[in-house]
Structures are given as C-alpha cells and as structure tokens.
Amino acid sequence: NETQQTEVWFPIIADADRHIASLYDMIHPNASMTHTVRSVFIIAPDKTIKLMISYPASTGRNFDELMRVIDSMQLTSQYSVATPANWQNGEDCIIIPTITDEEAKQKFPKGFTAVKSYLRITPQPDK
C-alpha cells in the first residue's frame, strides 16, 4: 500500500529466500534473481490449487482481477452457479447444467431465463 495505494485483504506468503516459489516452480528459469515472483496461486481451504496465473516481469499483478476470481469461486461453491466471461460482482450468473429446471425454480427464487437448455441466466443469488 505504501507505494501502490492498494490494500490487500487476503493472505500473501512472504518468500524472501524464494524457497516456496522454487518448490512450486513459480519462477521462469531465465528470470533474474532480482525480480519478484510473478505467479499467483489461489489455494482453497481444502488445500487444492484453484487458480494459477503467471504475469510477465514487466506487468504488475491485477488485484481487482484476483478479487473477481475469488468472488466467482466463492459464489460457485455456495450457489451452484458459474460466472460468464468478464463477469463482475453483482451481475447475472449462469446456473450450472447439473441443476434441473425444477431444482432451479426452488433454488433461484428470483427466477431465471433459459437461453438454451444448458444456458440459464439468473440474477446473482447473494445480492
């Protein structure tokens, strides 16, 4: 925050000696030892890796995108929805195909629009 005016509200692992980054192959083999690690892993409470992103050394990480992904993953795990490309928190979601229309009527009281049998759009359930 001191230099980038960005508050980080999620855990970040400090890895000054690059031990963790080396263990998980997060550093490009030709990277300078003076560059910071440009890879981001999102690890779920069950200790599975849910997302991996590697940024070029010249590109800063995008915390808004990381938070968007976390919001989407949490929404998916709680409500059986998926989020479309470019989705932002508060926008419509997609009901996952394994939910039947009858289940969807009960699970999504705000209703849904069936574009195709496999593509049903509903307002974000937690808003």
Side-chain angles (χ1 to χ4, degrees):
N1 189 36
E2 178 185 342
T3 63
Q4 303 300 307
Q5 292 72 54
T6 301
E7 292 286 339
V8 178
W9 300 103
F10 46 88
I12 294 177
I13 296 172
D15 188 25
D17 65 359
R18 295 179 173 223
H19 177 74
I20 295 168
S22 296
L23 281 174
Y24 289 94
D25 201 25
M26 297 172 78
I27 303 172
H28 188 278
N30 297 325
S32 163
M33 286 305 290
T34 60
H35 283 128
T36 59
V37 173
R38 308 311 288 179
S39 295
V40 175
F41 287 13
I42 294 179
I43 303 170
D46 67 0
K47 299 185 178 152
T48 59
I49 295 175
K50 298 295 184 184
L51 173 80
M52 295 184 290
I53 301 175
S54 291
Y55 290 87
S58 61
T59 304
R61 285 146 296 198
N62 185 327
F63 288 141
D64 290 335
E65 173 61 7
L66 297 175
M67 294 309 299
R68 185 188 82 85
V69 171
I70 291 169
D71 288 341
S72 173
M73 290 188 300
Q74 290 175 337
L75 194 63
T76 296
S77 73
Q78 293 174 12
Y79 295 100
S80 304
V81 294
T83 55
N86 300 319
W87 172 86
Q88 295 294 317
N89 197 354
E91 294 180 350
D92 289 350
C93 301
I94 298 168
I95 300 169
I96 61 172
T98 56
I99 303 289
T100 67
D101 282 347
E102 287 306 312
E103 291 171 315
K105 288 175 187 171
Q106 293 176 7
K107 195 166 189 159
F108 303 101
K110 297 176 188 172
F112 61 90
T113 302
V115 178
K116 298 273 188 180
S117 60
Y118 57 86
L119 180 59
R120 295 163 298 163
I121 300 170
T122 189
Q124 183 170 323
D126 65 347
K127 296 293 179 187

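Residues: numbered from 1 along the sequence shown.
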**Q.** Contact list for residues 68-83, test salt bridge (charged side-chain N to carboxylate O under 4.0 Å, His left out), sequence neighbours left out
**A.** Glu65-Arg68
Q.
Give me each pair satisfying salt bridge (charged side-chain N to carboxylate O under 4.0 Å, His left out) with a member in residues 113-127, each pair once, sequence neighbours excluded.
A.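 Checked against salt bridge (charged side-chain N to carboxylate O under 4.0 Å, His left out) - neighbours excluded - the pairs reaching residues 113-127 are Asp101-Arg120.
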Q.
Can you confirm whether more than 12 heavy atoms, excluding those of Gln78, are under 6.0 Å from its CD atom?
A. yes
(Q) Check this for me: Met52, atom CE, are more than 12 non-hydrogen atoms of other residues, nucleotides or ligands nearer than 6.0 Å? (A) no
Can you name the side-chain contact (heavy atoms from CB on, under 4.5 Å) partners of [X], sequence neighbours left out?
X     : value
Asp17 : Asp15, His19
Met73 : Ile42, Lys50, Val69, Ile70
Ile53 : Leu51, Tyr55, Leu66
Pro97 : none

Rounded to the nearest 0.5 Å, how far does [atom2] of [Y] lie from [atom1] of [X]?
X      : Y      : atom1 : atom2 : result
Phe108 : Ser80  : CZ    : OG    : 6.0 Å
Tyr79  : Cys93  : OH    : SG    : 10.5 Å
Asn62  : Asp64  : CG    : CG    : 5.5 Å
Thr98  : Glu103 : OG1   : CD    : 7.5 Å
Lys107 : Phe112 : NZ    : CZ    : 13.0 Å

**Q.** Residue pair Thr83 / Ser72: nearest heavy atoms and the distance that separates them
**A.**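 Scanning both residues completely, I find the closest heavy atoms to be OG1-OG, 2.6 Å.
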Return the set of residues passing side-chain hydrogen bond (donor to acceptor under 3.5 Å, both in side chains) with [X] (not counting sequence neighbours), or none when no residue passes.
X      : answer
Thr122 : none
Glu91  : none
Ser77  : none
Asp46  : Thr48

**Q.** Residues forming a salt bridge (charged side-chain N to carboxylate O under 4.0 Å, His left out) with Lys105, sequence neighbours excluded
**A.**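 Lys105: salt bridge (charged side-chain N to carboxylate O under 4.0 Å, His left out) contacts with Glu102.
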Q | Hydrophobic cluster identity match, Val115 and Ile94, side-chain contacts under 4.5 Å | A |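 Both belong to a single hydrophobic cluster.
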Q) Are Tyr118 and Ile121 connected, step by step, through hydrophobic side chains (Ile, Leu, Val, Met, Phe, Trp, Tyr) whose heavy atoms are closer than 4.5 Å? A)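 Yes, one cluster joins them.
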(Q) Is there a side-chain contact between Trp87 and Leu75 in this structure, where contact means two heavy atoms from C-beta onward sitting under 4.5 Å apart? (A)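 Trp87 reaches Leu75 side chain to side chain.
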Q: Answer yes or no: is there a donor N or O on one side and an acceptor on the other, between the side chain of Thr76 and the main chain of Val81, under 3.5 Å?
A: yes
